[in-house]
Amino acid sequence: MGAGHSHTPQGHAEPTPQALAARKKANLILAAILIPLTLLTLVAMAMLWPSGSKEGITLASPYAAAPGVTFDTGKIQRVVTGSCMDALPQGQAGADAAPQQGSECTFAFTDPDKGGNPVKVVINPDVAKSHGVKTGDNIRYLNLSKAQGAGGQGAPAYVFVDFVRTLPIIFLAMLYAVVVIAVARWRGLRALIGLVGAYGVLVSFMLPGLVEGKPPLLLAMVGSTVIMIGVLYFAHGFSARTSTALLGTMFGLAITSLLAAWATDAANLAGVGSHDSAALANISDNISISGIILCGLIISGLGVLNDVTITQSSAVWELWELAPETSARQLFTSAMRIGRDHIASTVYTIAFAYAGAALPVLILVMLYERPLGDALTSAELSEEVIRTLVGSIGLVLAIPVTTLIAVLVVKATGTKAPVARTAPVLATGGASGGGAVSVPAAGSPAVGLAADDAERPDAGAVDPSSAFDAAPAGRRGRRAAARD
């Protein structure tokens with residue numbers, strides 16, 4: 001043995017017949033729970049599947065053009081300001097235009113994408129003031145120059161509608177996909193494909209179901225469960241680890257759904273503070289605004305709920321692989337330390353995400369100088385507050401449940417064989433020649449699992465990384481390759 005290095009053979013033990021039987025029993029229990037739930041969910045989905053009929057819906061689409069009116073696109077060549085009377089076609093600056101005399105408007109000379117001479121597009125005052133337009137912007141505008149009966153109405157010939165955002169959104173989407181795939185590799189690619197499938201369920205099942213007046217609670221629970229089953233297994237593969245996360249997700253989803261149903265009724269969430277909700281309420285008798293809010297409360301928490309459950313399940317497996325002889329109690333305690341950190345950060349994530357979305361409303365509330373209690377319980381903010389609270393309660397309760405299930409399953413279905421009690425640490429000797437230093441191997445009770453100094457006073461006695469260093473590199477590499 002060369003100076004400064006020492007290797008001690010690792011001890012391996014094949015799983016006993018009792019261990020194999022325990023694994024088989026645990027897998028059968030998982031299958032016995034999840035397969036009936038999946039079949040029941042699919043049957044319910046088939047029964048609730050919407051017909052696609054839009055009978056009885058009366059909706060005047062703002063994107064529908066009158067005869068002779070078109071939506072055109074073009075690139076702005078230059079921007080000027082002038083009298084609003086200049087927006088009128090030749091010969092219309094008469095009595096009809098008198099009310100606008102003396103006011104200033106913003107005009108964008110725009111080169112149409114379909115060709116032709118530049119046109120003078122009137123920019124909406126709110127857009128000109130809040131964001132403005134500049135040379136090079138791609139815009140969509142309403143072309144009224146050939147509208148039937150528009151000749152004597154004193155209306156501008158070209159009116160701004162919106163910006164064309166196709167290129168920036170495509171660029172960000174491609175950048176997001178590249179980053180996800182580069183970091184998460186094949187698992188990231190599968191997650192992106194699963195996201196497309198999830199939106200397919202949302203668009204083809206949940207939204208039409210709400211329009212047709214299907215039971216919103218059942219619709220949300222069935223659709224969300226189908227989404228979670230699909231994305232979890234597709235992204236993470238069929239394994240006991242994924243099944244454990246799915247069970248925890250279903251538990252959190254059930255808690256969130258029950259709380260959302262109670263809160264929607266108890267807090268009288270009617271959606272009266274939203275212009276979009278008011279528009280939906282007037283187009284059909286089948287559409288329930290409170291049902292839409294209830295469904296939204298459940299859907300909004302899916303992403304974070306999936307995040308915490310799969311993280312906790314993976315944490316339990318990784319901790320156990322470092323120390324497979326750790327007791328179930330110690331494993332649960334160590335994983336819950338990770339879970340508590342995750343709870344704290346996730347609560348902030350949800351709260352600030354909703355606060356950012358409601359920022360204009362928050363500014364108005366501040367300017368009104370309303371008392372904080374009145375503001376938080378107002379029609380404008382109560383929905384966001386309840387969404388935050390309901391989603392947070394569901395994910396917090398899902399963490400210990402997922403952790404407990406994962407601990408029970410991993411102790412029965414884990415595939416790593418126990419290792420020897422001592423493992424080598426390669427030490428480089430000095431002038432006198434270093435020798436081998438033995439430390440407790442993975443699985444030794446002396447090795448702490450994700451312990452912090454506050455909760456494990458004796459954690460500093462042993463380097464927590466020694467368990468990882470002692471694990472056979474070849475087996476660790478094979479496990480990592482299999483997971484990726």
Task: CG on Leu34 to OG1 on Thr244, rounded to 0.5 Å - done: 8.5 Å
Open item on the list: Once rounded to the nearest 0.5 Å, what's the spacing between atom CD1 of Ile399 and atom CG of Leu305?
Closed with: 9.5 Å
Task: Atom pair CE/CD1 of Met250 and Ile33 - distance to nearest 0.5 Å - done: 10.5 Å
TODO: I would like to know whether Asp113 and Thr73 meet side chain to side chain donor-acceptor pair (under 3.5 Å); could you show each step before the answer?
DONE: CA-CA 6 Å; Asp113 289 338; Thr73 59; 2.7 Å; yes
TODO: Go through the steps for Val161 and Phe71 under the test side chain to side chain contact (heavy atoms under 4.5 Å, CB included), then give the verdict.
DONE: CA-CA 8 Å; Val161 175; Phe71 285 96; 3.9 Å; yes
Open item on the list: Take a 6.0 Å sphere around OH of Tyr199 and say whether it holds more than 12 heavy atoms from other residues, nucleotides or ligands.
Closed with: no
TODO: Would you name the heavy atoms of Gly74 and Thr110 that are closest together and state the gap between them?
DONE: C-CG2, 3.5 Å
- [ ] Kindly indicate, with the supporting measurements, whether the criterion salt bridge (Lys or Arg N to Asp or Glu O under 4.0 Å) is fulfilled by Lys134 and Asp137.
- [x] CA-CA 6 Å; Lys134 60 183 182 298; Asp137 284 346; 3.3 Å; yes
TODO: State the CD1-OG1 distance between Ile289 and Thr264, to the nearest 0.5 angstrom.
DONE: 12.5 Å
- [ ] Taking the side chain as every heavy atom from C-beta outward, state whether Thr249 and Leu232 have any pair of such atoms under 4.5 Å apart.
- [x] yes
Scan the side chains in residues 213-231 for donor-acceptor partners under 3.5 Å anywhere in the protein, sequence neighbours excluded, and list what turns up.
unit_1, atom_1, unit_2, atom_2, d
Ser224, OG, Ala220, O, 2.7
Thr225, OG1, Met221, O, 2.6

Open item on the list: Can you tell me which residue among Ile292, Ile293, Leu297, Ile299 is in a side chain to side chain contact (heavy atoms under 4.5 Å, CB included) with Cys295?
Closed with: Ile299
TODO: State which residues pass salt bridge (charged side-chain N to carboxylate O under 4.0 Å, His left out) with Arg78; sequence neighbours excluded, sorted by chain then number.
DONE: none
TODO: Start with the C-alpha distance between Thr135 and Gln77, add both sets of side-chain angles, then the distance that settles side chain to side chain donor-acceptor pair (under 3.5 Å), and finish with yes or no.
DONE: CA-CA 5 Å; Thr135 300; Gln77 302 299 319; over 6 Å; no
Task: Inter-residue atom distance Asp341.CG - Ile338.CD1, 0.5 Å rounding - done: 8.0 Å
Open item on the list: Could you measure the distance from the OG1 atom of Thr41 to the CG atom of Leu48? Nearest 0.5 Å is fine.
Closed with: 11.0 Å
TODO: Specify the closest pair of heavy atoms between Gly248 and Ala398, including all atoms of both residues, with the distance to one decimal.
DONE: O-CB, 3.8 Å
Open item on the list: Show the nearest heavy-atom pair for residues Pro208 and Leu202, with the distance to one decimal.
Closed with: CD-O, 4.3 Å
Open item on the list: Testing the basics here: between Val390 and Ala263, what is the closest heavy-atom pair and its distance to 0.1 Å?
Closed with: CG2-CB, 4.3 Å
Open item on the list: Under the criterion side chain to side chain donor-acceptor pair (under 3.5 Å), I'd like the reasoning laid out for Thr403 against Gln312: C-alpha separation, chi angles, the key distance, then a yes or no.
Closed with: CA-CA 6 Å; Thr403 304; Gln312 280 305 109; 2.8 Å; yes
- [ ] Look at the rings of Tyr158 and Tyr141 and say which category their plane angle falls in: under 30° parallel, 30 to 60° tilted, over 60° perpendicular.
- [x] perpendicular
Task: Minimum heavy-atom distance Ala245-Ile310, with the two atoms named - done: CB-CD1, 3.6 Å
Task: Minimum side-chain heavy-atom gap Ile405-Phe251 below 4.5 Å - done: no
Task: Ser314 and Thr311: CA distance, side-chain angles, deciding distance, side chain to side chain donor-acceptor pair (under 3.5 Å) verdict - done: CA-CA 5 Å; Ser314 295; Thr311 299; over 6 Å; no
TODO: Examine Lys120 relative to Phe109 and say whether NZ or CZ is less than 6.0 Å from the centre of the six-membered ring and inside a 45° cone about the ring axis.
DONE: no
